[in-house]
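Just below is one structure, and these are the notes that go with it.
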Number of protein chains: 2
Amino acid sequence: MPPRPEMPPRPEQSHKAQLDMFVRKLTAHSPLPLSDQEALLALPYQYRQLAPNTTILREGDRPQVCPILLSGFAYRYKLAADGGRQIVGLRIPGDPLDFQSLYLRTVDHNLQTLTQADVALVPLAELEQLADTRRSIARAILVDILVEASIGREWQLNIGRRHALPRLAHFLCELAYRVQFSEPQADAQLDVPLTQEQLADILGLTPVHVNRTLKTLEQEGAVTRSGRRLWASDINALARLCDFSPLYLHRDNAA
Amino acid sequence: MPPRPEMPPRPEQSHKAQLDMFVRKLTAHSPLPLSDQEALLALPYQYRQLAPNTTILREGDRPQVCPILLSGFAYRYKLAADGGRQIVGLRIPGDPLDFQSLYLRTVDHNLQTLTQADVALVPLAELEQLADTRRSIARAILVDILVEASIGREWQLNIGRRHALPRLAHFLCELAYRVQFSEPQADAQLDVPLTQEQLADILGLTPVHVNRTLKTLEQEGAVTRSGRRLWASDINALARLCDFSPLYLHRDNAA
DNA sequence: CGGCTATTTGAGGTACCTCAACGCCCGTGG
DNA sequence: CCACGGGCGTTGAGGTACCTCAAATAGCCG
């Protein structure tokens, strides 16, 4: 969903605020003392602006840097032998993109930007050293990994055991919750940055069927569409359609 | 399925060998110095023999112990609102069952024994202290968590984008590989410890369709059946049917 | 042998897929 | 500013992989 009109190129100076969000999100799941927060902010990094659909990691890679998603969206995917694509994870602004490579040698999936995105590339060695010397940073990394794995399990349930309508509703609900958590000031109306084809690859459906399911979601009043845009406009309606329960997002963990 | 005739009750003394296997599996993915291996073996624990279909963890629990699967199989599952069950993970002998609770407050899925099983219950606090003081133990825990998450992503692909036949073949292949890795001396013919209903809940299918798919797998010569037993008898045939690639199991990690 | 559970088989239904055409949005270049 | 082109969304018609329901069989334990 390519370059958004309301997203003009940002001033190069504002990385600080974006990095702040990353640290804030980590802390929200696993509290970090101020000194550790500062250590994270003091990490060296390279700043990159990436176009939509830019590949960041490929299956088999052995990365030397850990990308952090400062703005925009990204997704993980895998391919089946017949060319079928399954999106196995979605990352939102402020999310780290590859803590895994701190501990595993080779990457087991592909990672791509969904929208235009800003990324900070932190040398893995630097991050590793920080994790090795500061207990609560290591813990925060682990918690992020565990929460993402929990979301993956919920997606398994979603794909394996829910019909198209609740399946789609569940995903939109999750996305709305996650964005809401990380940007509490944002609209309640979530602007969904995915094409119907991408939604299909998340849900294990075809684009055609996603289209038809979106239409009925719109008739139910759960979703609004205009042009190519999609909004999750009534989260309660969505939640009702799929019996959404946010336990698996582990928001309670910090408390 | 459960109580296997060839699995007589073991002498109570043999925990050592079983715990050894747990430590060996950890080390295989992330090398541990001997002192750390010994520290793990020296952990206090309670020994339990569990019947098939015994619940070990429930969604919402806040466990005080970390169960280690010394023998037998166990699985994680989640329920949809309409009662549909999705199995989201399978654990085999020697696997830790809940490292997650070292770092997350509440459990987000259910965990049950599949077969008769022996578990060691290690106090979380003791394990946590070990992980906090010994870097390579913390790392080994993380690697185990990451590999399980990687398997979860492959299951997403499997459920979302493969037809019943390659889907079933892929799962059987994975299971054969995993068991082979952890017990290199075992038969090449894997005795699959799952009912067709359980297979269905892993694969996002119905038991009836699993039955029919197994029949064609048998006709293909990939699988052998007798009575209620199922063997993955020709792993190469299975691998051919699904283009299996074991990269995602991260066997290369220790090397 | 009886009773339970897992497996097997059949017949009919449906949720979702495939293929294909069309139209709209939007960026591009004249 | 308009014409063009490509990508994405939309719609229809027909097909199929898998599901549902139901009943029968087979294995297993007491």
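Proteins get letters first, then strands, A, B, ... in listed order; numbering begins at 1 in each. Note: hydrogens, waters and symmetry copies are ignored here, and every other heavy atom, side chains too, is used.
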What does the list of N/O pairs under 3.5 Å between the protein and nucleotides 22-24 of chain D look like, with a distance for each?
none

> Looking at residues 215-226 of chain B, who's got a heavy atom less than 4.0 Å off DNA chain C?
Replying inline: B:Lys215, B:Arg225
>> Considering only residues two or more places apart or on different chains, which pairs with a residue in residues 155-171 of chain A satisfy side chain to side chain donor-acceptor pair (under 3.5 Å)?
In response: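 Found A:Glu154-A:Arg162, A:Glu154-A:His170, A:Trp155-A:Glu174, A:Asn158-A:Arg162, A:Arg161-B:Asp201, A:Arg162-A:His170.
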> Using the C1' atoms of the five pairs at each end, what is the angle between the end axes of the helix from C:dC1-D:dG30 to C:dG30-D:dC1, to 10°?
Replying inline: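 The angle separating the two end axes equals 40°.
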Between [atom2] of [N] and [atom1] of [X], the distance in whole Å:
| X | N | atom1 | atom2 | answer |
| --- | --- | --- | --- | --- |
| A:His163 | C:dT14 | NE2 | P | 12 Å |
| B:His209 | D:dA17 | NE2 | P | 9 Å |
| A:Asp201 | D:dC8 | CG | C1' | 14 Å |

Backbone N or O of [Y] within a donor-acceptor pair of the [X] side chain at under 3.5 Å?
| X | Y | value |
| --- | --- | --- |
| B:Ser226 | B:Arg229 | no |
| B:Thr55 | B:Gln112 | no |
| B:Thr115 | B:Phe73 | yes |
| B:Asp234 | B:Asn236 | yes |

>> Could you report the tightest heavy-atom contact between A:Ala222 and A:Leu238, atom names first, then the distance?
In response: CB-CD2, 3.7 Å
> Of A:Ala164 and B:Arg212, whose closest DNA chain C nucleotide lies nearer the 5' terminus?
Replying inline: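 Its nearest nucleotide lies further toward 5', so the answer is B:Arg212.
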> For A:Gly204 and A:Gly227, take the nucleotide of DNA chain C holding the closest heavy atom to each; which residue's nucleotide lies nearer the 5' end?
Replying inline: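 Residue closer to the 5' terminus by nearest nucleotide: A:Gly204.
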>> Within 45 degrees of the ring normal and closer than 6.0 Å to the centroid, is that where the cationic atom of B:Arg91 sits relative to B:Tyr75?
In response: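 No cation-pi geometry.
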> How would you list, by chain and number, every residue that makes a side chain to side chain contact (heavy atoms under 4.5 Å, CB included) with A:Arg225, sequence neighbours excluded?
Replying inline: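 With neighbours one apart ignored, the set is A:Gln196, A:Leu214, A:Lys215, A:Glu218, A:Val223, A:Leu230.
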> Partners of A:Ala176 by side chain to side chain contact (heavy atoms under 4.5 Å, CB included), sequence neighbours excluded?
Replying inline: A:Leu190, A:Ile235
> If you draw a 6.0 Å radius around CD in B:Glu59, do more than 12 non-hydrogen atoms from other residues or ligands fall strictly inside?
Replying inline: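 More than 12 heavy atoms, drawn from other residues, nucleotides or ligands, come within 6.0 Å of this atom.
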> What's the spacing between B:His109 NE2 and B:Gln100 CD if we round to 0.5 Å?
Replying inline: 6.0 Å
